[in-house]
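As the structure is a prediction and not an experimental result, all values here were calculated from the model. Positions are given from 1 along the sequence.
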Amino acid sequence: MRETERKYEAGDGGVDLPTLVGRLAGAVGGPVPAGPAQLALSAVYYDTDDLRLARAGQTLRRRRGGDDPGWHLKLPVGRDTRDEVRLPLGRSNRPPEQLIELTRAAHRGAALAPVAQLDNRRRQWVLTGDDGRPLAEVVDDRVTATRPGDASAPMSWGEIEVELAEGADPEILDRIETELLAAGARRSASASKLGRVLADRLGDGPPQPRARRKSPAGEALLAYLWQQAAAIRRTDPAVRRGLPDAVHQMRVACRRMRSAVQVFAPLLDAERVAGLTDELRWLAGELGAARDLEVLEERIEARVAELPPELVLGPVPAQLTRYFAGRRAEAARAATAALDSDRYLELLGRIDALLADPPLTGRAGRPARQEMPDRVRRSLRRTERALRDADAHPPGEARDIALHGMRKAAKRLRYAAEVSEPVVGKNATRLVDEVKAVQELLGDRQDGVVARPVLRELGAAAHAQGENGFTYGLLYRDEEARAERAEAGLDDAWARLRGRAQWLHG
């Protein structure tokens with residue numbers, strides 16, 4: 001389940017929440033809630049000795065009391081939003097294997113043990129709309145925390161927590177916050193109760209590099225690499241859970257990082273990054289089958305849904321389900337096996353080492369506004385060569401391969417422009433947009449190249465089973481027509497891209 005919540009401290013003057021609840025209800029347009037409900041909660045939090053889960057923004061706890069006792073794993077999604085995975089309490093104090101696997105990219109195989117116990121006396125109100133539908137839960141917590149092996153006195157504090165109800169408008173949190181701030185509350189400095197307890201052990205952590213208009217080239221590159229590394233780590237649990245689009249997000253992060261290292265190679269010590277791009281290519285490849293099947297299935301199902309019912313002959317939806325279900329499961333197992341491998345953990349270690357001690361060359365100290373355009377220009381020339389190569393081939397397999405090569409070159413150009421965006425500004429942003437347009441044309445064409453043999457196979461299988469293969473033939477011809485339209489639009493899209501790239505030659 002996904003939760004969106006905000007935490008507040010009462011401020012120096014304190015906040016009388018029971019008195020304030022009426023104003024909070026008015027802010028969301030509902031009646032004054034009954035209550036409060038009184039809850040006693042006790043949770044033991046687990047982490048590694050060096051707090052790897054907490055540093056990754058993850059919390060794993062075994063909680064008793066309340067209406068949701070059990071094992072809870074919280075995974076970061078956004079500033080106020082986390083995904084929560086819940087499992088039954090069970091008899092064992094050892095974290096369930098499923099949760100250990102979901103946090104593998106964070107703990108890297110290190111043992112998980114109790115790092116804190118939090119006991120909480122909670123008062124809880126549920127704010128509703130006029131129709132009685134829950135909008136938000138407001139709680140007043142009184143927390144006492146201890147740490148195993150720590151002889152110091154327990155920590156105690158109070159905090160206010162506001163959690164958005166499922167399906168409610170996030171703007172409701174802003175309305176509630178306005179009232180809380182006016183009453184003297186302030187946003188909590190810590191994103192979680194556990195973070196507050198472990199603050200002295202966590203420290204501030206290494207600062208995230210940020211690219212600015214006057215940044216040196218190395219700083220701009222590191223800011224981009226940091227973002228992609230964070231995306232790989234963040235999407236790991238989602239890939240393991242089989243969440244929609246998770247494989248795609250991780251794969252794209254791998255490709256972005258690999259392209260950035262390749263395009264901006266003069267900024268990095270070659271010996272220290274040797275082999276990194278190969279490992280990123282390996283991981284993207286292991287994820288590829290799952291992503292390609294996802295795209296293909298969605299594409300064919302969408303085309304079937306667009307057809308008039310009288311043109312869908314035979315049990316086409318059932319045939320598609322049979323064709324893709326087993327293949328998707330196998331591809332998902334392959335992707336998970338890659339994430340479970342030592343090779344993957346070694347890759348994560350290499351990425352961490354690169355960011356912790358950046359292997360920058362002297363050239364990385366040059367102004368990014370001077371250095372970046374040159375590397376983007378080289379990527380543009382590479383894409384142009386790929387286009388000329390494709391134009392040299394008549395329609396057929398060789399042209400298909402050449403245009404797919406151009407698509408890959410265009411992706412590298414786009415990622416290079418993305419690296420330069422924070423320092424170059426609108427010119428780079430506009431170029432990114434035009435490269436996306438070219439990519440979409442080439443991508444639509446390539447997806448059709450991949451889809452056509454599958455449609456032929458499905459049609460042949462339907463015929464062999466005594467079914468009508470007409471619909472698959474119709475879809476096959478539709479894919480051919482879509483490919484022709486995509487190619488027809490490529491020249492204009494490329495001309496617009498070239499126009500947006502004039503700043504590279506200025």
Side-chain angles (χ1 to χ4, degrees), residues 248 251-252 255 258-259 262 281 284-304 306-307 311 316 319-320 323-324 327 331 378-415 434-464 468-498 501:
H248 174 60
R251 193 183 185 197
V252 168
R255 286 175 167 173
R258 185 181 81 239
S259 293
Q262 290 173 327
R281 182 182 293 109
E286 292 298 305
L287 299 169
R291 174 57 182 169
D292 292 344
L293 279 169
E294 184 179 50
V295 170
L296 183 59
E297 184 176 15
E298 290 175 356
R299 184 183 183 90
I300 294 176
E301 287 181 344
R303 299 293 173 268
V304 172
E306 292 169 357
L307 291 174
L311 297 183
V316 173
Q319 289 167 340
L320 293 177
Y323 182 88
F324 284 106
R327 290 170 173 80
R378 289 171 184 264
S379 291
L380 176 62
R381 290 172 182 164
R382 181 189 181 106
T383 310
E384 286 180 313
R385 289 194 297 271
L387 176 58
R388 289 196 296 270
D389 180 46
D391 284 342
H393 295 286
E397 184 179 0
R399 182 170 177 80
D400 292 341
I401 294 172
L403 283 172
H404 187 44
M406 181 189 173
R407 182 190 181 195
K408 292 179 179 178
K411 285 182 179 180
R412 181 180 290 195
L413 169 59
R414 173 185 164 186
Y415 300 150
E434 297 301 340
V435 179
K436 282 182 183 179
V438 170
Q439 268 187 257
E440 287 173 2
L441 289 171
L442 293 170
D444 193 34
R445 187 187 186 282
Q446 177 61 21
D447 290 344
V449 169
V450 174
R452 288 201 295 273
V454 172
L455 291 167
R456 186 170 57 243
E457 180 183 350
L458 285 164
H463 178 75
N468 195 319
F470 168 82
T471 301
Y472 299 112
L474 195 65
L475 294 175
Y476 188 100
R477 181 64 191 99
D478 178 63
E479 289 293 358
E480 288 182 326
R482 290 178 67 88
E484 292 168 2
R485 289 195 298 271
E487 278 203 55
L490 186 56
D491 286 344
D492 287 344
W494 182 256
R496 289 193 297 271
L497 187 157
R498 287 289 300 161

To the nearest 0.5 angstrom, please state how far the CG atom of L497 sits from the NZ atom of K436.
-> 13.0 Å
E306, CD: over 12 other non-hydrogen atoms inside 6.0 angstrom = yes
Can you check side-chain contact (heavy atoms from CB on, under 4.5 Å) on L475 and E479, steps first, answer last?
-> CA-CA 6 Å; L475 294 175; E479 289 293 358; 5.6 Å; no
Enter the distance from R255:CZ to R281:CZ here, rounded to the nearest 0.5 Å.
-> 11.0 Å
Count the heavy atoms belonging to other residues, nucleotides or ligands that lie under 6.0 Å from CZ of R382, then report whether that count exceeds 12.
-> no
Point-to-point distance, once rounded to the nearest 0.5 Å, from CG of L455 to CD of E480 = 10.5 Å
Non-neighbouring partners of L474 that pass side chain to side chain contact (heavy atoms under 4.5 Å, CB included), sequence neighbours left out = L307, L311, F470
Looking at CG of L387 and CG of L442, how far apart are the two atoms once the value is rounded to the nearest 0.5 Å?
-> 8.5 Å
In chain order, what residues pass the side chain to side chain contact (heavy atoms under 4.5 Å, CB included) check against E298, with sequence neighbours excluded?
-> E294
Contacts of type side chain to side chain contact (heavy atoms under 4.5 Å, CB included), residue Q319, not counting sequence neighbours = P315, V316, R322, A462, Q465, E467, Y472
Applying salt bridge (charged side-chain N to carboxylate O under 4.0 Å, His left out), name anything that partners D389, two or more places apart in sequence or on another chain.
-> none
Begin from the C-alpha positions of L403 and R407 and carry the test side-chain contact (heavy atoms from CB on, under 4.5 Å) through to its verdict.
-> CA-CA 6 Å; L403 283 172; R407 182 190 181 195; over 6 Å; no
Taking only residues two or more places apart in sequence or in another chain, which ones pass side chain to side chain contact (heavy atoms under 4.5 Å, CB included) with S259?
-> R412, Y415
Taking all non-hydrogen atoms of both residues, which atom of A390 and which atom of A402 are closest, and how far apart?
-> CA-CB, 3.5 Å
Without swapping roles, check the side chain of R399 against the backbone of P394 for a donor-acceptor pair under 3.5 Å.
-> no
Verdict with reasoning, E384 to W494, per side-chain contact (heavy atoms from CB on, under 4.5 Å) = CA-CA 9 Å; E384 286 180 313; W494 182 256; 3.1 Å; yes
Can you tell me how far CG of L441 sits from CD of E487, rounded to the nearest 0.5 angstrom?
-> 10.0 Å
Looking only at heavy atoms, which two atoms of A289 and A331 are closest? And how far apart?
-> C-CB, 3.9 Å
Run the salt bridge (charged side-chain N to carboxylate O under 4.0 Å, His left out) check on R251 and D292 step by step: do they pass?
-> CA-CA 11 Å; R251 193 183 185 197; D292 292 344; 3.2 Å; yes
Begin from the C-alpha positions of L490 and R445 and carry the test side-chain contact (heavy atoms from CB on, under 4.5 Å) through to its verdict.
-> CA-CA 10 Å; L490 186 56; R445 187 187 186 282; over 6 Å; no
Can you tell me if R299 uses its side chain to pair, donor with acceptor, with the backbone of D444 under 3.5 Å?
-> yes
Kindly compute the distance separating CZ (R452) from CZ (R482), expressed to the nearest 0.5 Å.
-> 11.5 Å
Has H393 got more than 12 heavy atoms of other residues, nucleotides or ligands less than 6.0 Å from its NE2?
-> yes
For E301, salt bridge (charged side-chain N to carboxylate O under 4.0 Å, His left out) partners two or more places apart = none
